[in-house]
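A short worksheet on the structure shown next.
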Protein chains: 2
Amino acid sequence: MTNINEYRRTSGLSPEYALLGLLEQSPAHGYELHQKLLENLGEIWHASLSQTYNILTRLEEQGFIQGTTQEQEKRPAKRRFRLTAAGKRRFEAWMSSISACSVRAIRVEFMTRLYFLYTRDPADALEAIQAQNEALQAHIVRLKERLSNIDSGQIFNCMGMSLRIRQLEVLVESLNECKTQIPIGS
Amino acid sequence: MTNINEYRRTSGLSPEYALLGLLEQSPAHGYELHQKLLENLGEIWHASLSQTYNILTRLEEQGFIQGTTQEQEKRPAKRRFRLTAAGKRRFEAWMSSISACSVRAIRVEFMTRLYFLYTRDPADALEAIQAQNEALQAHIVRLKERLSNIDSGQIFNCMGMSLRIRQLEVLVESLNECKTQIPIGS
DNA sequence: TGATATTAGTCATTCAGTGAGTATATTCCG
DNA sequence: CGGAATATACTCACTGAATGACTAATATCA
């Protein structure tokens, strides 16, 4: 039960979980992971190759993945990574969590989760949208309350907040539309 | 003409320019700047006090601001910052630039610029909205083209892109509404 | 009188993200 | 057939965003 370092902050939004998710599907080396990321989530994340390696290095230091070096005669060594038990736990915890209620977190992190949920079972994806939308709506209510407390003379604070609220409201609509685009078994 | 370091990348979105702008209004020390930021743009930026100091330190290293240490008997020294000529140039360049066409950049960076433009001359703010909106619309067109080139089997790439486009479209609407909320002389 | 808030700041650390560089193998084009 | 481009595979050093813990003094209120 080596759960050293297991509870770090839930990430400031990097493709970290996407990498864990890809590794959960099958072990791979960095270059390969970068390719898959581009292919499957390329419009969502924009990680450079070296950024990908950075994250992999960190994940290994934290014990979520483990790389085995494959020496190759002539060519430089490759590293094939696989998920550790701790990594699997981290990924699963993330899969059943809810994203922060910010436009970016939803568009990027939540969409990624949706992708992995969907590849397991489309029904899970629909459920996740439901849950996320409820969280979003609750958040919108809080923000509206906050907006009403801002001195209306502070027009830029008001505008900034209104703008944010409007974006979140549209996000809810968009997620509902997404539901209709996810093909389910039925 | 000391323009060493003058053309760095246009910032990955930190309250940097907000600080320059506040200093352009009048010299101040870090704590004070942090207060003003909270008051005037608190719903837009969320910089901690130490983050504010970090940025001030960097801006000084880069020669955009200059601090004079005021020794005080008993209390630790204060630093009062003022804008240098290079800092003034940097700020002005930013003031007449256009923000990146991302939701966050608009909600945060552009709104900040709007605030400073407005405090100078509300008419400038209206003009800036116009320019920014045109850039946004052009960007939306590009993104739509890109969307149409994504293999429609890549449903998550498609959804991510559609979502982003929708957000930007709403942003354009919102900015137009902002125009009506900005009181002008007339 | 003691607790708490305000003013004013430093320091160390983690993580995001970029750009340049290294090295080899394959493939394509003329 | 040779050279150029492209794909594979990765390292390193850096800037910068952001947080949290810490220091230290004064003012204020109960």
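Defining each end axis of the helix from C:dT1-D:dA30 to C:dG30-D:dC1 as the rotation carrying four pairs' C1' atoms onto the next four, with five pairs an end, the two axes are found to diverge by 20° to 10 degrees.
In the model, A:Glu109 has a side-chain atom that pairs as donor or acceptor with a side-chain atom of A:Trp94 under 3.5 Å. Defined by atom type and a distance below 3.5 Å, a donor-acceptor pair is present between the side-chain atoms of A:Glu134 and A:Gln130. For A:Arg82 and A:Gln66, the side-chain atoms include at least one donor-acceptor pair closer than 3.5 Å. Neither side chain, B:Gln25 nor B:Lys36, offers a donor N or O lying under 3.5 Å from an acceptor on the other.
Rounded to whole angstrom, the span from the CD atom of B:Glu61 across to the P atom of C:dT10 amounts to 12 Å. Taking atom CD of A:Glu32 as the reference point, atom P of D:dA7 lies 16 Å away to the nearest angstrom. Atom CD of B:Gln62 is separated from atom C1' of D:dG16 by 10 Å (rounded to the nearest Å). A straight line from CZ of B:Arg80 to P of C:dT7 spans 15 Å, rounded to a whole angstrom. Atom pair A:Glu16:CD and C:dC15:P shows a separation of 8 Å (rounding to whole Å applied).
Looking at the side chain of A:Ser14, the nearest of the listed nucleotides C:dG9, C:dG17, D:dC10 is C:dG17.
At least one donor-acceptor pair under 3.5 Å links the side chain of B:His34 to the backbone N or O of B:Ala47.
Heavy-atom minimum distance, B:Gln132 versus B:Ser99: OE1-N, 2.9 Å.
Near DNA chain C, defined here as any heavy-atom distance below 4.0 Å, the residues from residues 50-60 of chain B are B:Ser50, B:Tyr53, listed numerically.
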Test log, rule side-chain contact (heavy atoms from CB on, under 4.5 Å), inputs B:Ile140 and B:Val172: CA-CA 10 Å; B:Ile140 289 172; B:Val172 172; 4.1 Å; yes
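Here A:Tyr31 does not reach the OP1 or OP2 of D:dC10: none of its side-chain N or O atoms lies under 4.0 Å away.
The ring pair (Phe, Tyr, Trp, His ring centres under 6.0 Å) with A:Phe116 is formed by just one residue from the set A:Phe91, A:Phe110, A:Tyr17; it is A:Phe91.
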